[in-house]
Amino acid sequence: MADNNRLVLAYSGGLDTSVAISYLKERTGKDVVAVSLDVGQGGESLETIKNRALACGAVEAYVVDARDEFANEYCMKALKANAMYEGVYPLVSAISRPLISKHLVRAAHQFGADTISHGCTGKGNDQVRFEVSIASIDPKLKAISPIRDLSLTRDVEIAFAKEHKLPIEQTEKSPYSIDQNVWGRAIETGFLEDPWNAPTKDCYSYTDDPAFPPVEDEVVIEFKEGIPVKIDGRDVTPLQAIEEMNRRAGAQGIGRIDLIEDRLVGIKSRELYEAPGAVALITAHQELENCCLEREQHRIKRDIDKRWAELVYDAQWFSPATQSLNAFIEDTQKYVSGEIRMVLHGGRAVVTGRRSDASLYDYKLATYDSGDTFDQKSSNGFIDIYGLPSRVAAARDIKFGNAIDVPENTVE
Ligand code: ARG
């Protein structure tokens with residue numbers, strides 16, 4: 001089976017990877033198997049993409065509707081981790097690469113290929129994510145990128161396509177480099193490379209302008225162990241939950257992000273994102289955790305969440321470290337069940353209510369009205385002991401003339 005004369009290519013159906021099929025064949029002598037996944041990016045059907053791959057010279061085309069797999073096993077892990085790289089980017093591209101890598105490896109095994117190829121440049125995170133993910137699953141597979149390793153530039157591409165009469169007229173070329181899936185959309189290059197240039201309307205497609213929103217939209221999301229299971233009382237799968245929130249939060253312009261980010265390769269880059277569903281769901285999930293996680297567990301989880309996002313951004317989805325963090329995060333979710341009510345309006349998802357059988361919010365402890373069961377007098381002893389180190393240190397500082405300076409009030 002493994003004749004080592006094949007390679008599998010992560011094929012999007014766009015100009016770069018369409019040209020790459022014949023170009024790789026010509027430059028490496030290997031037959032190309034095109035691999036395409038539906039991860040909720042919309043656009044052309046898998047059938048159309050498959051036919052184009054074959055028309056461009058692929059010997060086989062492996063296509064998979066991976067939307068549920070992506071939502072269940074990738075987006076939901078990101079949701080449980082409230083994953084926001086640098087505090088704002090919900091890892092749209094970063095979580096799709098490991099899934100695509102898994103299918104690339106499966107296709108390589110199925111079709112007897114020894115090499116995996118992708119259309120990434122040598123400057124970004126995605127080349128690292130593909131190749132490190134692939135190495136984590138099957139370290140024997142080799143990787144090659146036509147753009148990075150075989151000098152496939154735009155000029156070469158166009159000349160090559162003409163010369164070989166490749167059927168790529170229907171592959172539109174956007175002024176931006178775009179990567180999108182059901183978790184969100186990433187937009188870069190072109191005039192956005194000047195970080196002073198404001199985004200224009202044509203950058204966006206998952207969100208409407210938040211400056212002119214429709215009437216506010218109230219939504220109730222029910223979670224079970226960290227996963228959204230109902231919206232406004234209707235059962236939903238994770239994929240349906242994300243799609244519905246993309247529509248509803250997108251209509252309100254929620255989830256637009258404009259960021260200079262630190263890439264793994266060391267470059268700072270400017271990227272726009274729109275992730276209405278992800279941002280709305282993470283907002284709701286985070287608030288439910290506020291209710292249901294014990295204080296110390298919650299504090300630790302915030303640190304773990306941040307590290308999880310950094311590891312996943314940094315191409316470590318399959319690494320032992322990420323797997324260990326997954327185990328911690330999963331354990332924290334056992335009581336993250338209940339309902340969150342939010343109002344979506346004008347670019348913001350605002351939580352207005354929360355309820356849960358597993359909530360640690362205790363009305364009788366929290367109330368300032370009658371019915372209070374908290375013994376306020378016990379706080380005296382608590383402060384005595386909690387404040388003890390501060391009192392001892394203050395006495396020492398005063399002895400050495402280093403008391404905290406409190407200037408006298410000179411105002412009449
Ligand atoms: N900068 C983002 C990341 O590293 C997105 C990368 C893909 N973006 C794109 N517009 N093609 O996860």
Side-chain angles (χ1 to χ4, degrees), residues 10-18 20 36-37 39-43 70 74-75 77-79 81 83-101 118-133 145-148 152 154 157 171-195 197 199-200 202-207 255-276 278-279 282 306-319 322:
Y11 179 65
S12 70
L15 177 67
D16 296 333
T17 51
S18 292
S36 307
L37 265 66
V39 284
Q41 67 270 39
F70 181 55
Y74 293 77
C75 303
K77 279 208 176 75
L79 178 60
M84 290 287 189
Y85 180 66
E86 293 180 347
V88 287
Y89 163 44
L91 299 181
V92 172
S93 305
I95 61 170
S96 76
R97 303 316 182 202
L99 171 64
I100 298 169
S101 299
H118 53 73
C120 302
T121 71
K123 294 175 73 169
N125 298 314
D126 288 328
Q127 52 170 346
V128 190
R129 294 176 184 143
F130 278 126
E131 293 179 34
V132 172
S133 297
S145 153
I147 296 174
R148 182 190 63 194
L152 183 60
R154 183 52 42 87
E157 244 171 41
T171 55
E172 264 177 54
K173 199 65 208 169
S174 144
Y176 310 109
S177 159
I178 291 170
D179 182 48
Q180 64 189 51
N181 60 53
V182 75
W183 201 235
R185 189 162 174 271
I187 310 109
E188 66 172 342
T189 73
F191 84 107
L192 295 170
E193 283 175 357
D194 177 345
N197 284 341
T200 47
D202 68 323
C203 295
Y204 297 111
S205 91
Y206 282 17
T207 52
R256 289 187 175 185
I257 299 142
D258 180 347
L259 169 72
I260 299 286
E261 75 192 36
D262 279 302
R263 282 191 194 163
L264 175 57
V265 298
I267 301 171
K268 282 192 190 286
S269 67
R270 196 271 187 98
E271 189 112 36
L272 301 184
Y273 298 100
E274 38 180 0
V279 167
I282 289 173
K306 182 167 165 285
R307 291 296 293 123
W308 191 93
E310 287 165 351
L311 284 166
V312 170
Y313 184 90
D314 288 349
Q316 300 290 320
W317 179 273
F318 293 111
S319 76
T322 307

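Both counts, for ligands and for their atoms, begin at 1 and track the order of listing.
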Ring-plane angle category for Tyr85 and Tyr89, please: parallel below 30°, perpendicular beyond 60°, tilted otherwise.
perpendicular
With sequence neighbours excluded, what pairs up with Asp179 under the salt bridge (charged side-chain N to carboxylate O under 4.0 Å, His left out) test?
Arg97
Quick one: side chain to side chain donor-acceptor pair (under 3.5 Å) partners of Gln180, sequence neighbours excluded?
Arg185
With sequence neighbours left out, write down each residue that passes side chain to side chain donor-acceptor pair (under 3.5 Å) with Thr207, or none if nothing qualifies.
Arg256, Glu274
Show the short N or O contacts, below 3.5 Å, that ligand 1 makes with protein N or O atoms; if there are none, say 'none'.
from, atom 1, to, atom 2, distance (Å)
ligand 1, 1 (N), Glu261, OE2, 2.6
ligand 1, 1 (N), Glu271, OE1, 2.7
ligand 1, 1 (N), Tyr273, OH, 3.0
ligand 1, 4 (O), Asn125, ND2, 2.6
ligand 1, 4 (O), Arg129, NH1, 3.1
ligand 1, 4 (O), Arg129, NH2, 3.0
ligand 1, 8 (N), Glu271, OE2, 3.1
ligand 1, 10 (N), Ser177, O, 2.7
ligand 1, 10 (N), Ala186, O, 3.3
ligand 1, 10 (N), Glu271, OE2, 2.7
ligand 1, 11 (N), Ser177, OG, 2.9
ligand 1, 12 (O), Tyr89, OH, 2.6
ligand 1, 12 (O), Arg129, NH1, 2.9
ligand 1, 12 (O), Arg129, NH2, 3.0

Kindly indicate, with the supporting measurements, whether the criterion ring-ring contact (aromatic ring centres under 6.0 Å, His included) is fulfilled by Tyr74 and Trp183.
CA-CA 9 Å; Tyr74 293 77; Trp183 201 235; over 10 Å; no
Cation over ring, Arg263 on Tyr313, under 6.0 Å and within 45°?
no
